[in-house]
Amino acid sequence: HVNPQFWEYVLPGCDALGYVACTGTNVCFRARCMGQVGWFPEYTITEDYALSMELKMAGFNGRYLPEYLAIGEAPEEVRAVTRQRSRWTKGHMQVFFSRKCPLFNARLPLIHKILYTNGTWAYFATVLTSLTFTMVPFSSLVFGYHPVTFSREFTIASTLYLVCGALLGGFVRRPTHSRGMWLSGISNNLLAFTYAKAVINTLLSIIGFKEKAGFKATVKKVAPIVKAVVAKVAEMSMTVGRALSSAWNASMTAVGTRSRSPSLGRRITGSMEGGLLRGDHKPYEPSSGTNPGN
């Protein structure tokens, strides 16, 4: 579960490019910003990823805080890990194969279209490369069929690929990160089948051959009473969130109606200190920090 590749390298790089990252475990929002984008998205089971995109489309900026301020629980059993990663994959695919796909979103610049599909491409690439690198030597050794023949061109191409991959994938700023970087690569190869199954199940659900994937909580070592309390708090937070969303929409409608008077409108917008809009009608930027967890 220690993944320095993501926390120490990927997220700081994305943050430098203006990417809003809500990684789920520990993130801070301004409530008014959440209200403007409709609170937590419900069209995918990876709501943190979708919320990041919604905030960016609404014009908000977030910052990644590269400090370890929170410790999150992580699954310890293999089945629980595969269920968790399967959920992440399905959530990304639900967004990718829908009208919410970042690639076709006019409100996102090109660099963010790429960044918000980066996770999706990673799942596709992991499945294809893991299966290919496994089946090619297997076919040669077991069946005597050689999909790849050695030649001068192949030697040059494969050498360049392996060297560049090792340099990019193995780059570390601290020697202690090397083990975590290696483990993250190994875990992705081991989970390739889980990713492939999640992609297929998502496509089957889209065309109606399978029920749409729902949220399945990851099993972690938590006392039953704690689970009950967490479930109750989650239920209450959803109820309160929907109530706040309705109240917010109603208040914004009322403000819009009252603002039809030019003089009154200027007083209202100019006095909304700490609200969603400044006097120049630009949305406030939320200061959010995300920290390592599961």
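For reference, positions follow the sequence shown, starting with 1. Every value quoted in this text rests on a predicted model; they were computed, and no experiment measured them.
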What are the two closest heavy atoms between Asp15 and Gly62, and how far apart are they? OD1-O, 3.7 Å
Would you say Arg174 has more than 12 foreign heavy atoms packed within less than 6.0 Å of its CZ? no
Taking side chain as C-beta onward, heavy atoms only, is Thr89 less than 4.5 Å from Thr194? no
Do side-chain atoms of His92 reach the backbone of Trp121 as a donor and acceptor pair under 3.5 angstrom? no
Side-chain donor/acceptor of Thr134 to backbone N/O of Leu131, under 3.5 Å: no
On a heavy-atom basis, the closest approach of Leu55 and Cys33 is CD2-O, 4.0 Å
With rounding to the nearest 0.5 angstrom, report the OG1 to OH distance, Thr120 to Tyr49. 4.5 Å
Would a single hydrophobic cluster contain both Leu128 and Phe138, if residues Ile, Leu, Val, Met, Phe, Trp and Tyr are joined by side-chain heavy-atom contacts under 4.5 Å? no
If you round to the nearest 0.5 Å, how far is CD of Glu8 from NE2 of His177? 4.0 Å
Grab the two heavy atoms, one from Thr132 and one from Pro137, that are nearest each other, plus how far apart they are. O-CD, 4.3 Å
Does NZ or CZ of Lys56 fall inside the cone over Tyr116's six-membered ring, less than 6.0 Å from its centre and within 45° of the axis? no
Donor-acceptor pair, distance only, cut-off 3.5 Å: does the side chain of Thr126 make one with the backbone of Ala192? no
Taking the side chain as everything from C-beta on, heavy atoms only, tell me whether Tyr123 gets closer than 4.5 Å to Trp88. yes
Within the supplied structure, the quantity of interest is the number of heavy atoms (other residues, nucleotides, ligands) at a distance under 6.0 Å from Phe193 CZ; does it exceed 12? no
Evaluate the criterion side-chain contact (heavy atoms from CB on, under 4.5 Å) for residue pair Arg99 and Phe104; output intermediate values, then yes/no. CA-CA 8 Å; Arg99 287 180 290 182; Phe104 307 108; over 6 Å; no
Sidechain-backbone polar pair: Ser130 side chain, Val127 backbone, donor-acceptor under 3.5 Å: no
Heavy-atom distance under 4.5 Å between the side chains of Leu51 and Met34, does that happen here? yes
Counting distance only, does the side-chain N/O of Tyr64 pair as donor-acceptor with the main-chain N or O of Trp7 below 3.5 Å? yes
Arg85 side chain near Tyr195 side chain, heavy-atom distance below 4.5 Å: yes
Over all heavy atoms of both residues, which pair between Gln94 and Ile45 is shortest? Give the atoms and the distance, please. OE1-N, 3.1 Å
Look only at the side chain of Thr44 and the backbone of Gly91, and say whether a donor-acceptor pair between them is shorter than 3.5 Å. yes
Please check if the side chain of Ser151 supplies one atom and the backbone of Phe154 the other of a donor-acceptor pair under 3.5 Å. yes
Below 4.5 Å, heavy atoms only, C-beta onward: do Glu54 and Phe40 meet side chain to side chain? no
Hydrophobic clustering (ILVMFWY, side-chain heavy atoms < 4.5 Å, transitive) - are Val148 and Tyr145 grouped together? no
Which pair of heavy atoms, one from Pro102 and one from Met53, lies closest together, and at what distance? CG-SD, 3.3 Å
In the structure I gave you, are the side-chain heavy atoms of Leu115 and Leu17 within less than 4.5 Å of one another anywhere? yes
Phe60 versus Val20, closest heavy-atom pair with distance: O-CG2, 3.8 Å
Euclidean distance, Glu77 CD relative to Thr82 OG1, rounded to 0.5 Å: 10.0 Å
Below 6.0 angstrom between ring centroids: does that apply to Phe29 and Trp39? no
Test side-chain contact (heavy atoms from CB on, under 4.5 Å) on Ile114 and Asn118 and set out the steps. CA-CA 6 Å; Ile114 297 172; Asn118 176 60; 5.9 Å; no
Is there a donor-acceptor pair closer than 3.5 Å between any side-chain N or O of Ser139 and the backbone N or O of Met135? no
Mind checking the OG-CE spacing from Ser98 to Met93? Nearest 0.5 Å is all I need. 12.0 Å
Less than 4.5 Å apart, side chain to side chain, heavy atoms only: is that true for Leu203 and Val199? yes
Crowding at NZ, Lys197 (>12 non-hydrogen neighbours, <6.0 Å): no
Gap between atom CG of Leu191 and atom CD1 of Ile186 - 0.5 Å precision: 11.5 Å
With the 4.5 Å side-chain cut-off for hydrophobic clustering, are Phe133 and Val136 part of the same group? no
Can you check whether Ile111 reaches Tyr19 side chain to side chain, under 4.5 Å on heavy atoms? no
Between CZ of Phe97 and OG of Ser205, what distance do you get to the nearest 0.5 Å? 10.5 Å
